[in-house]
*Asks:* 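Structure provided below as structure tokens; questions to follow.
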Protein chains: 2
Amino acid sequence: MKTRDRILQTSLQLFNQSGERAISTNHIAAELAISPGNLYYHFRNKADIVYELFLAYQQQVDYYLAAPGSQPLVLADLAWYLEAVFDGLWQYRFFHRDLESLLDADPRLRAGYGDFTGRCLSAINGIFNQLASGGIITPRSEPLRSAMALNVWLVITNWMAYLKTAHATEEPAVLSLAELKQGIYQVLTLELPHVTPEYREPVLALRETYRPGTFCQAAHQSK
Amino acid sequence: MKTRDRILQTSLQLFNQSGERAISTNHIAAELAISPGNLYYHFRNKADIVYELFLAYQQQVDYYLAAPGSQPLVLADLAWYLEAVFDGLWQYRFFHRDLESLLDADPRLRAGYGDFTGRCLSAINGIFNQLASGGIITPRSEPLRSAMALNVWLVITNWMAYLKTAHATEEPAVLSLAELKQGIYQVLTLELPHVTPEYREPVLALRETYRPGTFCQAAHQSK
DNA sequence: GACTCACTAGAGTATATACTCTAATAATGA
DNA sequence: TCATTATTAGAGTATATACTCTAGTGAGTC
């Protein structure tokens with residue numbers, strides 16, 4: 001593996017573990033057993049590493065959240081979307097911790113992240129739309145759908161911080177992918193009132209899969 | 001005003017402005033035109049300042065979110081609660097930015113914040129309960145009410161980060177209390193499906209008050 | 001064999017950070 | 001009055017951080 005890629009990989013791992021704030025370029029170099037000079041040969045500065053990680057994050061989420069087109073969605077699709085988003089969130093989980101400082105340090109990142117959020121929101125909106133076509137949720141007016149999509153986004157992106165700050169007993173807080181995915185329970189709680197009567201039972205059953213305390217993560221695959 | 005209080009006040013102001021990460025004890029001392037030694041005479045370390053600010057934050061929110069007792073609530077009460085919570089959030093807005101690092105730096109804060117969140121969640125839960133008594137929202141089972149309360153909390157505590165990261169055009173992002181309170185629009189969107197038919201119109205009207213883009217903030221006072 | 005060039009080591013720099021120490025001054029109370 | 005205590009200034013320390021600079025090394029090419 002090329003040094004440049006190893007730097008990205010190790011940075012991501014250390015950032016996820018301890019937060020970007022706590023990890024210096026010297027830490028990264030030390031972990032890789034390379035010299036700081038070597039690291040700075042491959043990256044102009046720390047912000048460039050973060051930015052490149054953002055691009056990878058963005059690419060992954062964009063790919064999985066690709067517009068569902070115009071075909072109606074079935075329930076398994078909903079589960080699949082949720083799993084995919086939480087997977088992405090998990091892999092780049094350092095990112096949503098003090099995002100504000102990251103954006104303050106890099107205007108490219110600020111602009112890129114603004115666009116990224118916009119695409120995510122309209123993707124969620126589109127998914128709502130196609131879930132309505134599939135008869136799973138009742139159709140809503142556009143402004144309401146947008147506000148709902150934003151709420152979903154707010155719950156998704158804040159769920160991890162909640163777990164690591166309000167719930168954690170350990171010091172520092174550690175987290176597993178399974179715990180993170182309990183956030184899906186919260187998202188489905190959010191959508192529940194909008195589910196059509198005939199789909200209420202199946203959605204409740206799906207939701208139950210992610211109930212906090214339940215540590216069986218069934219594989220929800222489709223598509 | 002006593003130096004100790006001036007340190008707290010200025011720290012809060014600078015933290016809110018630029019984030020705790022970017023503000024050193026030397027910055028605080030410089031802003032106050034006192035010596036670093038003087039600052040450290042009043043506070044053992046930076047974490048102690050943060051902790052004391054947390055105690056004030058906690059006290060304020062606890063006060064305003066005090067259990068609504070057992071009397072039913074009217075719509076104005078709901079508006080009042082939302083305004084109060086967002087006011088508290090605004091006044092100590094540095095806090096929910098990289099909260100994780102703050103908790104990592106101080107075990108007292110971690111423990112205190114865990115309890116605090118618990119109290120907030122059960123307060124929200126209780127408010128739901130009394131809104132149901134007041135005929136404003138339809139009664140729900142306890143587990144559903146808890147999950148709803150958590151979603152409300154997640155939206156509230158993440159709304160500011162959303163504004164400052166996804167929406168901001170300036171660099172660094174600045175924010176006004178009025179913009180922040182547009183988060184109430186999101187919270188009411190969340191509660192809308194649970195509102196009883198007879199209260200749907202009034203709640204929609206209240207919600208409209210906070211619609212993003214609308215910059216008139218009517219004073220919602222009661223109690 | 002000389003030359004190039006991507007890559008690497010490692011010492012070093014300027015600056016910032018959290019925090020300490022000593023000595024001086026102001027307030028207080030007997 | 002005078003001693004005690006609270007408060008302050010200001011220089012200083014140890015450490016960390018992001019980043020730079022120079023001097024290579026080794027694999028390939030003509």
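Proteins come first, then strands; the chains are lettered A, B, ... in the order of their sequence lines, and each starts at number 1.
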*Asks:* For A:Arg21 and C:dA16, give me the distance from atom CZ to atom P, rounded to whole Å.
*Replies:*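 Computing the A:Arg21:CZ to C:dA16:P distance gives 17 Å.
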*Asks:* Taking 4.0 Å as the cut-off, does a side-chain nitrogen or oxygen of A:Tyr41 come that near to OP1 or OP2 on C:dT8?
*Replies:* no
*Asks:* Compare the minimum distances between each of D:dT7, D:dA18, C:dC7 and the side chain of A:Lys2, then state the nucleotide with the smallest one.
*Replies:*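 The listed nucleotide nearest to A:Lys2's side chain is C:dC7.
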*Asks:* Would you call B:Glu31 and B:Arg6 a salt bridge, using N to O less than 4.0 angstrom?
*Replies:*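 No.
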*Asks:* Please tell me whether B:Gln91 and B:Gln60 have a donor and an acceptor in their side chains that are separated by less than 3.5 angstrom.
*Replies:* yes
*Asks:* Nearest whole Å is fine: how far is D:dC19 C1' from A:Ile49 CD1?
*Replies:*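 Rounded to the whole Å, the gap is 12 Å.
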*Asks:* Would you find a donor on one side and an acceptor on the other, under 3.5 Å apart, between the side chain of A:Asp48 and the backbone of A:Phe43?
*Replies:* no
*Asks:* Is B:Lys181 salt-bridged to B:Glu83, cutoff N-O under 4.0 Å?
*Replies:*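 Yes, this pair counts.
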*Asks:* Think A:His27 has a side-chain N or O under 4.0 angstrom from the OP1 or OP2 of D:dA18?
*Replies:*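 Indeed not, no polar side-chain atom of A:His27 lies that close.
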*Asks:* Listing time: all N or O pairs from protein to nucleotides 9-13 of chain D that are below 3.5 Å?
*Replies:*
residue, atom, partner, partner atom, Å
D:dA9, OP2, B:Ser35, N, 2.9
D:dA9, OP2, B:Ser35, OG, 3.4
D:dA9, OP2, B:Asn38, ND2, 3.0
D:dA9, N7, B:Ser35, OG, 3.0

*Asks:* Return no unless some side-chain N or O of B:Thr3 is found under 4.0 Å from OP1 or OP2 of D:dT8.
*Replies:*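 Yes, such a contact exists.
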*Asks:* Distance check: side-chain N/O of A:Tyr40 vs OP1/OP2 of D:dT20, anything under 4.0 Å?
*Replies:* no
*Asks:* Take the protein atom CG of A:Leu32 and the nucleotide atom C1' of C:dG10, then report the distance between them rounded to whole Å.
*Replies:* 16 Å
*Asks:* Can you tell me which stems DNA chain C forms, taking runs of 3 or more consecutive Watson-Crick or G-U pairs with both distances under 3.5 Å?
*Replies:* C:1-30 with D:1-30
*Asks:* What's the CG-P distance between A:Asp48 and D:dA18, to the nearest Å?
*Replies:*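 Taking CG of A:Asp48 and P of D:dA18, I get 14 Å after rounding.
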*Asks:* Just checking, B:Arg108 and B:Tyr51: is the charged tip under 6.0 Å from the six-membered ring centre and within 45° of the axis?
*Replies:* yes
*Asks:* Please determine whether a side-chain nitrogen of the Lys or Arg among A:Glu191 and A:Arg207 lies less than 4.0 Å from a carboxylate oxygen of the Asp or Glu.
*Replies:*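 No, no charged N to carboxylate O under 4.0 Å.
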*Asks:* Assert yes or no for the condition that the ring centre distance of A:Phe116 to A:Tyr57 is strictly below 6.0 Å.
*Replies:* yes
*Asks:* Taking DNA chain D as the partner, which of residues 4-13 of chain B come within under 4.0 angstrom of it by heavy atom?
*Replies:* none
*Asks:* Could you work out which one of C:dT20, D:dC19, D:dA18 sits closest to the side chain of A:Ser24?
*Replies:* D:dA18
*Asks:* Any chance the side chains of A:Gln59 and A:Tyr64 put a donor and an acceptor closer than 3.5 Å?
*Replies:* no
*Asks:* Please report the distance, rounded to the nearest Å, between CD1 in B:Ile28 and C1' in C:dC19.
*Replies:* 13 Å
*Asks:* At their closest point, which heavy atom of A:Leu65 faces which heavy atom of A:Ala123, and how far apart are they?
*Replies:*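 Scanning both residues, the minimum pair turns out to be O-CB, 3.5 Å.
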*Asks:* Between B:Arg21 and B:Asp98, is the closest basic N to carboxylate O distance under 4.0 Å?
*Replies:* no
*Asks:* For the pair B:Asp62 and B:Arg119, find out whether any cationic side-chain nitrogen is under 4.0 Å from an anionic carboxylate oxygen.
*Replies:*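 Yes.
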